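This report concerns only the one structure given below.
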Amino acid sequence: MKHRIVTTVLLLGLSAYVVGGEPSRPSWQVNRAVDSTTVNADIRPGDPTVDVGIYYPSNLDESYKEAVPLQGVIAEFQRAKEVFSTAGVQLNLLWVKSAEVDPKHFSIVASNTNNEIPSDGYANMYIEASRNPGALSEAALEAFDALIEEDERNARTVYIMVLQGVYTSYFDTDDNGRNWTPRLVRTGGLSFPSYIHGGNIPDRIRGVITLTRQDSENYRIIAHELGHKLMNVSHEYMEQSPQHEIVGEGGLMLYGAGTDIPSGKEGRWHKERLHLSPYIYRISESGQRITNPDYVEQGFYYDSLYGDKVVHFEGIRLEGEKAKD
Ligand SMILES: [Zn+2]
């Protein structure tokens with residue numbers, strides 16, 4: 001009898017996550033701890049707007065919730081609103097939702113290293129990415145498909161998914177390009193931008209941004225990740241061409257404390273690219289939603305959507321580059 005009770009409890013526990021082999025879909029509910037009306041008090045319907053939903057699982061480990069509390073996430077979002085308002089784009093908080101989530105999704109390796117290729121530097125990283133787009137891991141595809149609710153505006157909405165550990169990989173060399181080692185990096189935020197993944201990320205989940213840390217000094221993680229997603233650029237600023245990790249001051253897209261979104265050719269068209277983002281819409285005087293056009297190809301950096309709002313630059317070759325004969 002005792003055994004039977006235990007079994008029933010186990011089955012009940014499982015049924016919350018697995019239903020007939022289908023991905024377990026959490027029963028997301030609006031989290032009333034956040035008043036989105038107050039957060040959105042600045043929204044003007046005629047201005048360029050991006051909708052953002054925030055998912056904060058309720059059963060994250062308590063020690064994690066202390067490190068990344070919901071109010072900290074909201075402070076990050078408020079900071080992002082300020083940063084993007086300087087560039088004429090307003091962030092509209094659709095809702096914050098919470099639910100119990102299958103804990104296997106709390107920590108994921110997001111990228112699939114099997115298909116990754118080191119940079120050989122003959123073309124720049126944006127061109128290389130369009131030739132060999134980054135693939136998401138099975139675990140990431142499964143998690144985002146299960147966690148993001150179906151909606152007709154999925155592909156035009158940004159979803160901030162608070163998780164505990166999201167890891168991604170890149171290749172590194174310590175002998176100038178002969179031997180390459182895959183390195184796994186723990187991310188604070190990861191934006192899954194189209195310039196990396198192209199058609200490898202399904203439209204329905206392409207708006208996902210994971211958040212696994214909170215920057216209690218600058219509150220800049222969400223703003224920076226939104227920069228990747230909405231401007232569709234890597235770590236670059238003014239005359240600085242992109243590389244994996246570039247530390248510097250001033251620009252939102254460098255590693256540092258900067259929040260600048262520059263414009264014009266010298267600003268690498270950041271502001272102009274932002275305003276062309278398919279995630280932007282505005283409400284007309286008659287109350288109609290007017291959404292920006294979508295990517296023409298698959299959303300790589302040189303997608304025709306951007307016209308001449310692109311920068312052409314050389315790839316970065318290693319000095320004294322070696323290869324095995
Ligand atoms: Zn970044």
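Heads up: numbering here begins at 1 and tracks the sequence. Everything numeric here is computed off the predicted structure, so don't read it as measured data. Both counts, for ligands and for their atoms, begin at 1 and track the order of listing.
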*Around the Zn ion (ligand 1), list the protein N/O/S atoms within a radius below 2.8 Å, excluding water molecules.*
His224 NE2, His228 NE2, His235 NE2
Residues 188-197 side chain polar contacts: donor-acceptor under 3.5 Å, at least two apart:
unit_1 : atom_1 : unit_2 : atom_2 : d
Tyr195 : OH     : His228 : ND1    : 3.4
His197 : ND1    : Gly134 : O      : 2.9

_Parallel, tilted or perpendicular, as decided by the 30° and 60° cut-offs, for the rings of Tyr55 and Trp28_ = tilted
*Might you point out which heavy atoms bring Ser58 and Lys65 nearest each other, and give the distance in Å?*
O-NZ, 2.6 Å
*With respect to Asp51, which candidate in Arg289, Arg156, Arg282 satisfies the salt bridge (Lys or Arg N to Asp or Glu O under 4.0 Å) definition?*
Arg289
*asked:* Please determine whether a side-chain nitrogen of the Lys or Arg among Glu142 and Lys104 lies less than 4.0 Å from a carboxylate oxygen of the Asp or Glu.
replied: yes
*Relative to the ring of Phe171, is the ring of Trp180 parallel (under 30°), tilted (30 to 60°) or perpendicular (over 60°)?*
perpendicular
